[in-house]
Protein chains: 4
Amino acid sequence: MPSPESAEPRRMRADARQNVDALLDAAKDVFAESGVDAPVRTVAERAGVGVGTLYRHFPQRSDLISAVFRREMDACVDAAVEIEAAYPPGEALDRWVMRYTQFVATKRGLSAALHSGDSAYEPLAGYFSTRLVPTLSRLLESARDAGEQIAPVSPHEFLGAVADLCHSGARSSAEASGRAERMVGLLLAGLRA
Amino acid sequence: MPSPESAEPRRMRADARQNVDALLDAAKDVFAESGVDAPVRTVAERAGVGVGTLYRHFPQRSDLISAVFRREMDACVDAAVEIEAAYPPGEALDRWVMRYTQFVATKRGLSAALHSGDSAYEPLAGYFSTRLVPTLSRLLESARDAGEQIAPVSPHEFLGAVADLCHSGARSSAEASGRAERMVGLLLAGLRA
Amino acid sequence: MPSPESAEPRRMRADARQNVDALLDAAKDVFAESGVDAPVRTVAERAGVGVGTLYRHFPQRSDLISAVFRREMDACVDAAVEIEAAYPPGEALDRWVMRYTQFVATKRGLSAALHSGDSAYEPLAGYFSTRLVPTLSRLLESARDAGEQIAPVSPHEFLGAVADLCHSGARSSAEASGRAERMVGLLLAGLRA
Amino acid sequence: MPSPESAEPRRMRADARQNVDALLDAAKDVFAESGVDAPVRTVAERAGVGVGTLYRHFPQRSDLISAVFRREMDACVDAAVEIEAAYPPGEALDRWVMRYTQFVATKRGLSAALHSGDSAYEPLAGYFSTRLVPTLSRLLESARDAGEQIAPVSPHEFLGAVADLCHSGARSSAEASGRAERMVGLLLAGLRA
DNA sequence: GATGAATGAGTCTTCATTCAT
DNA sequence: CATGAATGAAGACTCATTCAT
């Protein structure tokens, strides 16, 4: 059975593919609203499918969570390329971190999932390490190559820290995201101190 | 006819105050291990009392959480006085923030509770604002008075951010606290940038 | 240990007697408001005593219920004498039944207790049979002696039926008692049919 | 989600339909034995299903109660048609009221539910008003049209009173129903007085 | 005697997961 | 494959009753 995120989507029936997409979209919304601990049924209902269908594609709850986050991580990683092309290294670093901040801001539970130590999230953590961490590493390196003084820091830890700072609870994103951005700004400033 | 055995030292019912203390101690441990969402029964069992006793003293789950956190907040606030007496303002600031970091590090759920927006936690949030925030304000002011360049920052937000950075999940505190301290260090550095 | 309702109240300490009275008053009110299934603690609090005190005087819940109802039954029985002295037999019958109706109307649970079959209520049922039933018997007999045509009916059943008709639930006594009185009136009319 | 008692039995899975029926049968029995306050689990066990199944079909306890009573109300209403066809108006009135009496006799809690004022029972009360009350109205009217002298009475109140008179507690239905019928008979006699 | 803290069985209710249709 | 009905474990909370102070 191919993973729904497998590299061979063509082997999946068209209607199945649609269901997977609907589930991912629904899960993204539900997670943003109610966190990743939201009832599975809520996601299924939002997607307009039965819970059985959800379980078929995502046998474990963590599979769904991972899939949702992975999709967005990809978009975030892709954004780095554009940003690097458009801005000088130092500014690119800041801009991408802010882009990442915005990504995490709507991912209640991402940070918790990454840190949970639950083996079910190892694939997600691996994806994080494989995709996001190298992106930040590259940006840090470029900035240093461009002559910026940047404290030695673990990219992995730094990204985790930023994710933590976005733990805004359930409130209005307006206020929360302002707070998150200010604090991430402080973190970035600390990098140059 | 009572046999000599009948005088078995049946567990004497504990005094109310003792029970409350036992509950707070137990809750502190349980929260550190399993988070504030741990089953109420777990806390009661750990404290060696019935659930009814827990409910008598803490009718709402939030009452228990608040009480646990408040006790530790007090200790943290008290520590500030000692630190201020022993170190120059700038160093006192850093040291107290680290002391606060250690406090929060074992308080999984504190940050979530403070940010939850749940009115049940308003007393706790109020306590936070009344006790911890002024402490940091004072330390920041002293440092600025001593001539340090410190970015304008909301003490409330800053303390919230530090709490977020301590979201270490359930793993070994060794690794987690190293991470938290490094990131808080970055935040403090950012303050001086 | 003398029953709190014993005929030798002098053997009870004055403060104990006061507590019993306070409990009976409180229970009467609580039962009227919330029914006889109201939490025991509510009664104790309303009376301003500890639950332990309540249990000392009324070891079983049914003891309290019985005591409350008994007190009022006595008043109702006593009223019959006055009514009989003031009105001709036929009218006395009607008036006393209405007096009884009013008594039961505020006794949510009386009827249920009498019919429950629970042996704990046998003393209450016995009191009912010993006091109220003979009262109605006498009134019926007097009316018949006075020449009224009255259907043969079991006084016990009749009083039970009236109690049932007062089962007004928790609503405003205004509407409920109007209803109860109209239906009891029908029952009385049926007696003469 | 269609109500299990929905007027349009949308294609409910056969097994689901069976479960609903089993639950209604079980609830009917349990209510008759232990009243409508019986533990939910008891009903589920009697029906041979899990509690979750019960909650699926009857999210609120009142839903189950209402459904049980509604089913029987329907049968009672239907009986009126047959009775009217077979007997002259006056006798039909008496016979149907007795039929209704038998229905209520095994419905401990029906009267309480109707009178509770709890909004959850409004649908049930509405059903009562919509189905049973008009039935009695019609019978009363027919009897009056046939020349019988019948006191002006609210059909709603009258049916409620009969229900009250069936509050027989948990005892042997033999004795209880004899009592109920005699008292209802008295009520009917009162109607002609 | 009075008190109220402690106990824990009993209930309700939710929801992840399985599996018959 | 899709569906959603069924299951039951798990957790919250209440309250009658006991018993140490």
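Chain letters run A, B, ... following the sequence lines, proteins first and then strands; every chain starts at 1.
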**Report entry** Between F:dG11 (C1') and A:D37 (CG): distance, integer Å
**Finding:** 15 Å

Report task. Kindly say if C:N19 contacts the phosphate of E:dG1, meaning a side-chain N or O under 4.0 Å from OP1 or OP2. Result -> no

Query raised in the report: Given E:dT18, E:dG1, E:dG4, which nucleotide is nearest the side-chain atoms of C:V51?
Result: E:dG4

**Report entry** Between CZ on residue D:F31 and CG on residue D:L24, distance to nearest 0.5 Å
**Finding:** 9.5 Å

Report summary line: Rounded to whole Å, CZ of B:R17 lies from C1' of F:dT21 at a distance of 18 Å

Query raised in the report: Taking atom P of F:dC15 as reference, at what distance in whole Å does atom CG of C:L54 sit?
Result: 15 Å

Report task. Answer yes or no: does a side-chain N or O of B:R61 lie under 4.0 Å from OP1 or OP2 of F:dA12? Result -> yes

Query raised in the report: Can you check whether D:T53 has a side-chain N or O nearer than 4.0 Å to OP1 or OP2 of F:dA5?
Result: no

Query raised in the report: Among A:V49, A:V51, A:L54, which one satisfies side chain to side chain contact (heavy atoms under 4.5 Å, CB included) with A:V43?
Result: A:L54

Requested in this report: Specify the separation, in whole Å, of atom CD of A:Q18 and atom C1' of F:dA2.
Outcome: 14 Å

Report summary line: DNA chain F nearest-nucleotide lookup for C:G52 and D:G50: closer to the 5′ end is D:G50

Requested in this report: Take B:Y127 and B:D74, measure what side chain to side chain donor-acceptor pair (under 3.5 Å) needs, and give me the verdict at the end.
Outcome: CA-CA 10 Å; B:Y127 204 76; B:D74 285 337; 2.4 Å; yes

Query - Enclosure of D:K28 NZ (heavy-atom neighbours >12, cutoff 6.0 Å) - result: no

Report task. Whole angstrom is fine here: how far is it from OH in C:Y55 over to C1' in F:dT17? Result -> 5 Å

**Report entry** Watson-Crick/G-U partner (both atom distances under 3.5 Å) of E:dA20
**Finding:** F:dT3

Report summary line: To the nearest angstrom, the CD-P distance between D:E45 and E:dT11 comes to 10 Å

Query raised in the report: Are C:H57 and E:dG1 close enough that a side-chain N or O sits under 4.0 Å from OP1 or OP2?
Result: no

**Report entry** Whole angstrom value for the distance that separates P of E:dT18 from CZ of A:R41
**Finding:** 15 Å

Requested in this report: Please check if the side chain of C:R61 supplies one atom and the backbone of C:V36 the other of a donor-acceptor pair under 3.5 Å.
Outcome: yes

Report task. Would you indicate which nucleotide in F:dA2, E:dG4, F:dA6 comes nearest to any side-chain atom of A:R56? Result -> F:dA2

Report task. For B:F58 and F:dC13, give me the distance from atom CZ to atom C1', rounded to whole Å. Result -> 16 Å

